[in-house]
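Note that this is a predicted model, so its numbers are computed, not measured.
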Amino acid sequence: MHPALYQTLHPVDPEIADLIVAEERRQHDKIRLIASENYASAAVLAATGSVLTNQYSEGYPGKRYYEGQQVIDQIEALCAARARALFGADHANVQPYSGSPANLAVYLAFVKPGETVMGMALPAGGHLTHGWNVSATGTWFRAVQYGVRRDNHRIDFDEVRDLARRERPRLLFAGGTAIPRTIDFAAFAEIAREVGAIFVADIAHIAGLVAAGAHPSPVPVADVVTTTTHKTLRGPRGGMILCRSAHQKAIDRAVFPGLQGGPHNHTTAGIAVALREAATAEFGRYAHQIVANARALAAALVERGWSLVTGGTDNHLLLADLTPKRISGKVAARALDAAGIELNYNTIPFDPRKPFDPSGIRLGTPSVTSRGMAEAEMRQVAAWMDAVVSAPDDAALHARIAGEIRELCAKFPAPGILV
Ligand code: DSN
């Protein structure tokens, strides 16, 4: 933590101050491969931890229900303008508290309870809020789900088209949380157009790649685009909805007053800073390096006999099937964490195991790339991962690797962290 912040917080609450410092140390000393995480910059953290948290601002710039919005209006308008410019969108709503509320607002804008919606099944790589049965979106709406092909684990557009023609969904979602390949947004858009569905592209995982041109943008073909702001986009935890002008009114009404109260103004400011950073040439290089690093990591794991879902990656994310390694995802993830490599266990398509102890692990390169690590470090990470997964009970090996990882991490400063 910045010394000035520590000196402010510690006298008031030493327990929380020291826990934040401990978390900072943990984030600094580990290879963080959780595909949905990153390191926000010191500038993003500064804007997020500001007096803007003190204020309520129900409404939108120029049309609020509280006085005192002279400054907040400028911040929100600037944030929305930057989002529109970065993604080339007609309209940006920057108030959603995160990705799930952003998606819920889309439902509220366009469908009524009981109507049919369609999205990718969670075990195939989708998201809970795309209609999975344990989510409100799978119980309040009639959700139909598409998956991936059994032979290559890629989206089967014949299946998507057939299902859409048969079920006539009002909303069609593309995107998810464990899709290692380029998403063909144009193909989804065409199917949505044919069946009269609103096409929603959820780019939470790949927003930073889309902003930098490292993944095709859905903005020209989608009715609505939702995203979080803290994954590859490297902002604070938050959400955004981009849409065509024709949908602006419905989306804005759904976010407020439909779903949320006052926007989190401190988060809006942090998002604005992240969007400014994402518009730089440096961020463009960063986003392309995320993909280069993911490919290098994939190649190095495959060389060691690892089985990757779809055989590799086009983006920031890899999904490994550990079945050939005779170890479950959960056991592997725990051993890797002990050895200083943090990731999450994950189901793989058609997983015969249960979600709480599945066959796979998911890993991603946004965080390590933020530290300046490149292909050489990815090859070293693959070697460490293979050693740990081959010896999940060898505590001495794990401790030795954790030490080597601390030494490597000391050479690659993490944005936003002063240790
Ligand atoms: N929790 C996020 C992820 O890890 O992908 C999705 O919401």
Distance in Å, Ile417 CD1 paired with His2 NE2, rounded so as to fall on 0.5 Å steps: 14.5 Å
Nearest heavy-atom approach of Ser359 to Ile348 is CB-CD1, 3.8 Å
Any ion pair linking Arg400 and Glu404 (charged N to carboxylate O, less than 4.0 Å)? yes
Taking the side chain as every heavy atom from C-beta outward, state whether His398 and Val388 have any atom pair closer than 4.5 Å. yes
Inspect the contact between Arg142 and Glu167 and indicate whether a charged nitrogen and a carboxylate oxygen are less than 4.0 angstrom apart. yes
Less than 4.0 angstrom from a charged side-chain N to a carboxylate O is my criterion; do Asp158 and Arg161 meet it? yes
Is it true that Thr365 and Asn293 share a donor-acceptor pair across their side chains at a distance under 3.5 Å? no
Decide whether Asp252 and His91 meet the rule of one side-chain donor and one side-chain acceptor closer than 3.5 Å. yes
Hey, is the main chain of Ala374 close enough, under 3.5 Å, to the side chain of Glu377 for a donor-acceptor pair? yes
If I take atom CG from residue Leu317 and atom CG from residue Leu297, how far apart are they, to the nearest 0.5 angstrom? 11.0 Å
Donor-acceptor pair between Asn344 and Arg362 side chains, under 3.5 angstrom: yes
Donor on one side chain, acceptor on other, Asp18 and Tyr6, under 3.5 Å: yes
Taking the side chain as C-beta and beyond, is there a heavy-atom pair between Thr313 and Leu308 under 4.5 Å? no
Salt bridge or not for Arg170 and Glu115, using N-O below 4.0 Å? yes
Has Arg379 got a side-chain atom pairing as donor or acceptor with Ala300's backbone, closer than 3.5 angstrom? no
Kindly check if the number of other-residue, nucleotide or ligand heavy atoms within 6.0 Å of CZ (Arg253) is above 12? no
His130 versus Asp202, side-chain donor and acceptor atoms under 3.5 Å: yes
Atom CD of Glu159 with >12 non-hydrogen neighbours under 6.0 angstrom: yes
To the nearest 0.5 Å, how far apart are CG in Asn346 and CG in Asp321? 11.5 Å
Can you tell me if Glu37 uses its side chain to pair, donor with acceptor, with the backbone of Ser367 under 3.5 Å? no
Contact summary for Tyr146 and Ala174, nearest pair of heavy atoms: OH-CA, 3.6 Å
Is it true that Thr137 and Ser135 share a donor-acceptor pair across their side chains at a distance under 3.5 Å? yes
One should read off an interatomic distance between Thr229 OG1 and Asn38 CG, to the nearest 0.5 angstrom, of 11.5 Å
Is any side-chain heavy atom of Leu78 less than 4.5 Å from a side-chain heavy atom of Arg276? no
Describe, in one word, how the ring planes of Tyr97 and His264 are oriented to each other, choosing from parallel (under 30°), tilted (30 to 60°) and perpendicular (over 60°). parallel
Compare all side-chain heavy atoms of Val210 with those of Pro218 and state whether any distance is below 4.5 angstrom. yes
What pair of heavy atoms forms the shortest contact from Ala207 to Thr232, and how long is it? N-OG1, 3.3 Å
Does any donor atom in the side chain of Glu76 or Ser57 lie under 3.5 Å from an acceptor atom in the other side chain? no
Quiz question: by atom type and distance under 3.5 Å, do the side chains of Gln27 and Glu342 form a donor-acceptor pair? no
Taking all non-hydrogen atoms of both residues into account, name the closest pair between Gly213 and His288 and its distance. O-NE2, 3.7 Å
Using only atom types and a distance under 3.5 Å, with no angle test, would you say the side chain of Ser50 pairs donor to acceptor with the backbone of Ala47? yes
Under a 4.0 Å threshold between the charged nitrogen and the carboxylate oxygen, would Asp29 count as salt-bridged to Arg25? yes
Kindly indicate whether a cation-pi arrangement holds for Arg234 with Tyr286, taking the cut-offs as under 6.0 Å to the six-membered ring centre and within 45° of the axis. yes
Restricting to non-hydrogen atoms, name the atom on Pro96 and the atom on Ile241 that form the minimum distance, rounded to 0.1 Å. CG-CG1, 3.8 Å
Is it true that Glu23 and Arg26 make a salt bridge, defined as a side-chain N closer than 4.0 Å to a carboxylate O? yes
CG of Asn93 to CE of Met240, rounded to nearest 0.5 Å, is 10.0 Å
Side-chain contact, heavy-atom cut-off 4.5 Å: Val224 with Leu242? no
What's the verdict on ring-ring contact (aromatic ring centres under 6.0 Å, His included) for Tyr107 and Phe173, showing C-alpha distance, side-chain angles and the deciding distance? CA-CA 11 Å; Tyr107 285 88; Phe173 275 89; 5.4 Å; yes
In terms of relative ring orientation, are Phe110 and His247 parallel, tilted or perpendicular, with 30° and 60° separating the classes? perpendicular
Would you check if Phe185 and His215 make a side-chain contact, meaning some heavy-atom pair closer than 4.5 Å? yes
Ala178 and Leu319 have their tightest heavy-atom pair at O-CD2, 4.0 Å
Using only atom types and a distance under 3.5 Å, with no angle test, would you say the side chain of Arg181 pairs donor to acceptor with the backbone of Thr310? yes
Regarding Asp90 and Arg244, does a basic nitrogen lie under 4.0 Å from an acidic carboxylate oxygen? no
Test the Arg149-Phe157 pair against the cation-pi criterion, namely NZ or CZ under 6.0 angstrom from the six-membered ring centroid and within 45° of the ring axis. no
Assess whether a salt bridge exists between Asp357 and Lys330, defined as any Lys/Arg side-chain N lying under 4.0 Å from an Asp/Glu carboxylate O. no
